[in-house]
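Notes follow once the structure below has been shown.
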Amino acid sequence: MQEIEIADLRKITEIIQSSHDYDFTNYAMSSFKRRIQRVIELYKLSSVDALVKRLEADQNFFKEFLSEITVNVTEMFRDPTFWRELRDDIIPNILLNNDTFSIWHAGCSSGEEVFSIAILLKEMGILDRVKIVATDIDHVILYRARQGMYSMKNMELNGKNYIQFQGKSSLTDYYREEGGKAIMNKDLVENVEFREHNLVIGDPFSKFDLVLCRNVMIYFNQTLQNQVLKLFHASMHKYAYLAIGAKESLIWCEIANKFIVVNNEEKIYKKIKD
Amino acid sequence: MNQEHLHSQYKAIVIGGSAGSFQVISAILQALPEKFPIPIIMCLHRLKHVRTGFVEALNIKSAKVIEEPEDKESIRRGGIYLAPANYHLAVELGNTFTMSTEEMVNNSRPAIDITFQTAAYVFRNKLIGVLLSGANKDGAIGMKYIHERGGITLIQDPAECLIDTMPKAALDITSVDYTYKTNQIINFLLTLHKQYVA
């Protein structure tokens, strides 16, 4: 397999833009290149040009491509201390001034974190008072998120995370096992709205009290991170919270001064200026 | 040491290690002068779900500050960086880091191959790759790529390694410029340092 060059990546993003109206130009080069490499190997394509041709001609292939290019590796209660902080500090703070509130889960992938937040809220006794909107660029993965079926193999790690989160019961109380799959209790997400939304070209569609977007913006370059942060800012009430991944940072973004750091370990920010 | 390799143009040193590499890394960091100018980027296999403790342990004996970088952080002259738990650490064009939570590679996240390959892509022949003791083959492909891009490859002498699978895997698939024991690795770095002081 030949080395993929920057010019190749440009060819790919151009064809995606002109044929499918998705914009990958400001994705982080190193990971985008690796995802492209992966697709080429997965579909046994002979070259970048073969990929470009296929992208141009085949609408169904593009849908599969989209699913493969986005990273869908996730866990329930990843970074348990983050979820504890959310339960013990952030959400009680929101509840001081609001009886009900809303959460935007941006880039929810296969839904493990949607179930995590639903379980957390249920254990706080407030699940029915919270409106959750979970979005992703890829409608195939959204379908999987809605289904809430996970391989039992992954439940061991999820269960470990849940124990460290110090939940009220056992994670096994929230699913049943069937044919090697964990089937999550449907009532956890019955009020969750799953919808397709592309952070790159999407507009603000509502205002929220808490935005969760962990380990999504790492796949973007700084230009796009700036742009997405502006989208979040416009989608948040004043004094709303934003949570990003443990090794992400907002401090070099243009509008960082409109936020304060609430917790630097867990990367939780609060919007303080409109 | 090859005289052609003695210059002050290096952009980074990448170090990969797994089982048996902690003592070696500690010794290297301990021996480094405070003003050692070349950025060092370390990808060491570690427990995926233990976020804290490792970088603190490495910092105890070092005169330099070792840090886990954040996404899109600039690679600074003299910086020493450790790939954080459960993230791949990649080097991005424009001299910054990019994190990734992609699938494990060689059963590892962080994977040495990813750090090495992306660093080699950006730094080309101005990179030194160092692969230490370890029990799997992660890093071998990365070393091959560093060599292909004109960088320098150095492995810990398998005879000295607690577990020699990792450096041997590199030897199997690529040409290695130096096979050194820990004290030789340290001498190599100190010799390089003199190029920058002069």
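Here is how names work: the chains are called A, B, and so on, in the same order as the sequence lines, proteins then strands, and each is numbered from 1. Since we're looking at a predicted model, the values are computed, not measured.
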Should we count [atom1] of [X] as having more than 12 external heavy atoms under 6.0 Å?
X	atom1	answer
B:Lys137	NZ	no
A:Arg38	CZ	yes
B:Ile141	CD1	no
B:Glu56	CD	yes
B:Lys144	NZ	no
A:Arg144	CZ	no

ask   = Is it the side chain or the backbone of A:Phe220 that comes within 4.5 Å of chain B heavy atoms, both, or neither?
value =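 Looking at A:Phe220, just its backbone touches chain B.
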
Side chain, backbone, both or neither of A:Val71 within contact of chain B (heavy atoms, under 4.5 Å) =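 Contact with chain B: side chain only.
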
ask   = B:Gln117 versus chain A, heavy atoms under 4.5 Å apart: side chain, backbone, both or neither?
value =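 Looking at B:Gln117, nothing touches chain A.
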
Pick whichever of [options] has the most heavy-atom pairs under 4.5 Å with chain B.
options	result
A:Leu157, A:Thr81, A:Thr74, A:Ile251	A:Leu157
A:Lys160, A:Arg35, A:Glu265	A:Arg35
A:Asn215, A:Ile6, A:Asn161	A:Asn215
A:Gly245, A:Ala28, A:Ser31	A:Ala28

Test side-chain contact (heavy atoms from CB on, under 4.5 Å) applied to A:Tyr43 - qualifying residues, sequence neighbours left out =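 side-chain contact (heavy atoms from CB on, under 4.5 Å) list for A:Tyr43, sorted by chain: A:Val39, A:Leu45, A:Arg54, A:Phe61, A:Glu64, A:Glu68.
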
Could you please state which residues from [range] sit under 4.5 angstrom from chain A, measuring non-hydrogen atom to non-hydrogen atom, sorted by number, or 'none'?
range	answer
residues 97-107 of chain B	B:Thr98, B:Met99, B:Ser100, B:Thr101, B:Glu102, B:Glu103
residues 81-95 of chain B	B:Pro84, B:Asn86, B:Tyr87, B:Ala90, B:Val91, B:Glu92, B:Leu93
residues 160-178 of chain B	none

key: Heavy-atom closest contact (A:Glu5 atom, B:Tyr121 atom, distance)   =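 Between these two residues, the closest heavy atoms are OE1-OH, 3.5 Å.
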
ask   = Atom CZ in A:Phe82, atom CZ in B:Arg51: separation rounded to 0.5 Å?
value =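 That separation rounds to 10.0 Å.
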
A:Glu248 CD to B:Lys72 NZ distance, which is reported to the nearest 0.5 Å =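 Answer rounded to 0.5 Å: 8.0 Å.
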
inquiry  = If the test is side chain to side chain donor-acceptor pair (under 3.5 Å), which one of A:Lys247, A:Gln225, A:Gln222 qualifies with B:Asp71?
reply    =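 Checked A:Lys247, A:Gln225, A:Gln222 against B:Asp71; only one passes side chain to side chain donor-acceptor pair (under 3.5 Å): A:Gln225.
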
